[in-house]
Amino acid sequence: MHPRLFLILAFFLAVPAASAAQDEWAASRIDPASVPMEIVEETRELAPGGLPDGLMETYAGDGDIAAGWYASPTERYGHGVIGDAVEGGALVARTAAGEVLVLELPETEVFEDRYPRLADLDGDGTVEVVTSRASIRLGASVTVYGIDEGRLAEKASTGFIGLANRWLNIAGIASFRGGPGKEIAFVEKPHIGGTLFVYEYMDEALTPVASMPGFSNHLIGAAELRLSALADVNGDGGMDLALPSFDRRSLRIVGFTDGAFAELASVALPSRIDKAIGVKGVGRDASFLVGLQNADVYEVHRR
């Protein structure tokens, strides 16, 4: 059985136990003027690679890679899922020493994303570059790159979805299970089915560790990719993830509890979520700021 299908089946078998463990959460309307129009201000700088909406990601800690972005704009895919048909044909990384490294994709692939993510996934002190790489024939994948003998090189990939114009949006990279490494969470096909996957990166391989259906962290055609947020809402040392339901009319909070991936809360909202999701507070005091299509803003919080 394919590992993704196995994870989805395992989730359905575990749903009753996970639902019973939910905390009580609620949504309260707040003054929209109290938060930015996009809820979470974008602090990334424009990337120098020529992509119309490309941004540069920087790494805050010590590591071998200091910044990353996409370059070599191309229209060879034409999917346009995030607002235009221009995608990245190359990945660029600036090292901590100031050297600029470039990896060009073959003509059959693009980076279907606005910016790469930088993280030390396995806790070894070096930085991995996490991308959404798409095949023109086979759709998107999560692909991890790093520096190998002074050049950018592919380290691991989830493999392509299998059909053209099938996309995924990375939802968060964090220590969801409380260990020294960080896992990658993403929603596969957020406009068609919407399954959340969590993958572990170890020994230059990506391995699925959890999945759950019923999510969408993107509005088709929109450049805003941040419809998700991270907080350790139960204070157990592992980060939890808040993101919209598939119809974007509820905020769902999921995370690992006693080793099992479960839904911790689900809160219905009066309109669809269409903006970046903000976080207020930490631990059990954490709440989420959610902007809606009807221009309302709600704070989703524990009762």
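This chain uses plain numbering: 1 for the first residue, then up along the sequence. Predicted, not measured: the structure shown is a model, and the values here were computed from it. Hydrogens, waters and symmetry mates are skipped; everything else that's a heavy atom, side chains included, is used.
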Hey, are Ser216 and His191 close enough side-chain-wise for a donor-acceptor pair under 3.5 Å?
no
Other cluster members, Met37 - Ile/Leu/Val/Met/Phe/Trp/Tyr, side-chain contacts below 4.5 Å:
none
Selection residues 100-113 - residue pairs positive for salt bridge (Lys or Arg N to Asp or Glu O under 4.0 Å), sequence neighbours left out
Arg76-Glu107, Glu109-Arg133, Asp113-Arg117
Heavy-atom pair with the smallest gap, counting every atom of Tyr77 and Ala134:
CE2-CB, 3.8 Å
Any idea which heavy atoms bring Phe261 and Val254 closest together, and the distance?
CZ-CG2, 3.7 Å
So the side-chain hydrogen bond (donor to acceptor under 3.5 Å, both in side chains) pairs with at least one residue in residues 225-241 (sequence neighbours excluded) are Glu224-Arg226
Can you list every side-chain hydrogen bond (donor to acceptor under 3.5 Å, both in side chains) pair that touches residues 286-296, not counting sequence neighbours?
Arg29-Asp296, Ser287-Glu299, Asn294-Asp296
Run the numbers on Leu292 and Leu269 for side-chain contact (heavy atoms from CB on, under 4.5 Å), then give the verdict.
CA-CA 8 Å; Leu292 309 181; Leu269 295 159; 4.1 Å; yes
Over-ring placement of Arg44 relative to Tyr115, 6.0 Å and 45° cut-offs:
yes
Output for pair (Lys155 NZ, Asp122 CG), nearest 0.5 Å, gives 9.5 Å
Please examine the side chains of Phe288 and His301, heavy atoms only from C-beta on, and report whether any two atoms are closer than 4.5 Å.
no
Report yes if some heavy atom in the side chain of Arg252 is under 4.5 Å from a heavy atom in the side chain of Pro244; otherwise report no.
no
Just do the ring pair (Phe, Tyr, Trp, His ring centres under 6.0 Å) check on Phe246 and Phe215 with the steps written out, would you?
CA-CA 4 Å; Phe246 181 66; Phe215 296 89; 9.7 Å; no
Residues that Val267 engages under side chain to side chain contact (heavy atoms under 4.5 Å, CB included), provided they are two or more places apart
Trp25, Ala27, Val300
Is any NZ, NE, NH1 or NH2 atom of the basic residue among Glu128 and Lys182 found under 4.0 Å from an Asp or Glu carboxylate oxygen of the other?
no
Any ring pair (Phe, Tyr, Trp, His ring centres under 6.0 Å) involving residues 42-64? Give me the pairs, sequence neighbours left out, ordered by first then second residue.
none
